[in-house]
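Please read the structure below before turning to the comments.
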Protein chains: 2
Amino acid sequence: MTTRTPLTRARLATVGAELADEVGFEHVTASEVARRCGVRVASLYSHVRDADDLRALVCLLALDELADRASAAVAGRAGAEALAALAGAYRDYARAHPGRYAAMRHRLDPATAAASAGPRHADLTRAALRGYGLDADGETHAVRLFGGLVHGFVTLELAGAFDHSDPSPEVSWEWSLTALDATLTGWSTR
Amino acid sequence: MTTRTPLTRARLATVGAELADEVGFEHVTASEVARRCGVRVASLYSHVRDADDLRALVCLLALDELADRASAAVAGRAGAEALAALAGAYRDYARAHPGRYAAMRHRLDPATAAASAGPRHADLTRAALRGYGLDADGETHAVRLFGGLVHGFVTLELAGAFDHSDPSPEVSWEWSLTALDATLTGWSTR
DNA sequence: GTTGATACCTAATACTGTTAGGTAAGGACG
DNA sequence: CGTCCTTACCTAACAGTATTAGGTATCAAC
């Protein structure tokens, strides 16, 4: 036999992420991950503390992956364009990888969270907002408004909440981002 | 012994909802619900199809309960005031009953969803938006914008995403709702 | 007073999560 | 060259959860 890929935390994260996208994050199970790695369940415990730690791995991978994409999306853009690109990166990622997107809402312990790509997300949003000339507090409000709007819209859309009404969510998405830009432009002049 | 409360779907929903608020919706287990009802697990299966059906029960209860509160909140109000009251009802409910709030994102099969209080939520939002004089499509966009913003903000806040930055989320919340009102007012004049 | 429905039970099975301890292979070192 | 340690996996056992099958007690109705 060819030497099979050795088990690592990184590999577990990848396999877990693929599984999450296929069956949903809430159904990511240690047993199934082990099965896909061609290994017995017990062997996982040399690499992860417990099942929760395994899920945290997927969470971290998703945070990282999405931070990279978001970073690429805002690079070289400013103002409304940067905002739309950033929001689009989130939405596209959620649709391409629903399981990983859900994984990001997994509660991490504070230490892990601090060391994760989580802060990068906040930084990226702040960077995208730079052009609006907000003061420190205003920027924080804007980060929260942006985060809430994007996350909420994407979550509801993914959950199928928009499936039974008429105009395409695409249009609502554009309108929402336009409105957000207008709002922030207004804030900057106060 | 006093006649113990007989098991009904309603009782299972209540017990499940309490459990959800205590330990989180994702940890609502048939075993624990049975334990709290003073009954063996197998006995649940006379009332629910499977564990997923049990969780759906909690979801339906939450949808209903929150629809009632939302309804009371918007009664007798209009415009910005109605909008803020409706949004506040969601936020307050999420903070008082995080487990039930999480339960509402449980995927229901289409038939159950249609018969649930879900549509009432959409109707309530539409009612709260009436004062803005939007056309049909505009109203749909507004419902989605409102839903996304409120749900996203509340979810992130509950997840602790706002815990490590300075101004109180309260202020961001006010700002966001004010911005939403201004946006919709602007939409109506187009 | 048998019948039937209702509401609960025990028992058995399968799967997930977790811990404890065993083994095989490969490099380091005498 | 043989032994020793480490690494990376294994088997075995056990607890908890989900599910199904089939049994029993109670009670109302005919």
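Naming convention: chains lettered A, B, ... in sequence-line order (proteins, then strands); numbering from 1 in each chain. Hydrogens, waters and symmetry mates are skipped; everything else that's a heavy atom, side chains included, is used.
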> Is the gap between the ring centers of His97(B) and Tyr101(B) under 6.0 Å?
Replying inline: no
Distance check needed: [N] [atom2] versus [X] [atom1], whole Å only.
X: Tyr45(A); N: dA12(D); atom1: OH; atom2: P; result: 19 Å
X: Leu19(A); N: dT16(C); atom1: CG; atom2: P; result: 11 Å
X: Asp52(A); N: dT18(C); atom1: CG; atom2: C1'; result: 14 Å
X: Leu7(B); N: dC8(C); atom1: CG; atom2: P; result: 5 Å
X: Arg9(B); N: dT6(C); atom1: CZ; atom2: C1'; result: 16 Å
X: Glu32(B); N: dA18(D); atom1: CD; atom2: C1'; result: 15 Å
X: Leu44(A); N: dT18(C); atom1: CG; atom2: P; result: 10 Å
X: Asp50(A); N: dG16(D); atom1: CG; atom2: C1'; result: 15 Å

Counting only side-chain nitrogens and oxygens, does [X] get under 4.0 Å of the OP1 or OP2 atom of [N]?
X: Arg40(B); N: dC8(C); result: no
X: Arg49(A); N: dT18(C); result: no
X: Ser31(A); N: dG17(C); result: yes
X: Ser46(A); N: dC9(D); result: no
X: Arg55(A); N: dG17(C); result: yes
X: Ser43(A); N: dA8(D); result: no
X: His47(A); N: dC9(D); result: yes

>> Once you measure the plane-to-plane angle for Phe153(A) and Trp173(A), does it fall in the parallel (<30°), tilted (30-60°) or perpendicular (>60°) bin?
In response: tilted
> Could you walk me through whether Leu83(A) and Thr125(A) pass the side chain to side chain contact (heavy atoms under 4.5 Å, CB included) check?
Replying inline: CA-CA 8 Å; Leu83(A) 218 60; Thr125(A) 308; 5.8 Å; no
Please tell me which of the listed nucleotides, [options], lies nearest to the side chain of [X]?
X: Ala42(A); options: dT16(C), dA21(D), dT19(C); value: dT19(C)
X: Ala51(B); options: dT11(D), dA18(D), dC9(D); value: dA18(D)
X: Val41(B); options: dG17(C), dT16(C), dT19(D); value: dT19(D)

> Between Arg100(B) and Phe25(B), is NZ or CZ placed under 6.0 angstrom from the six-membered ring centre and within 45° of the ring axis?
Replying inline: no
> For Ser165(B) and Arg144(A), does a side-chain donor sit closer than 3.5 Å to a side-chain acceptor?
Replying inline: yes
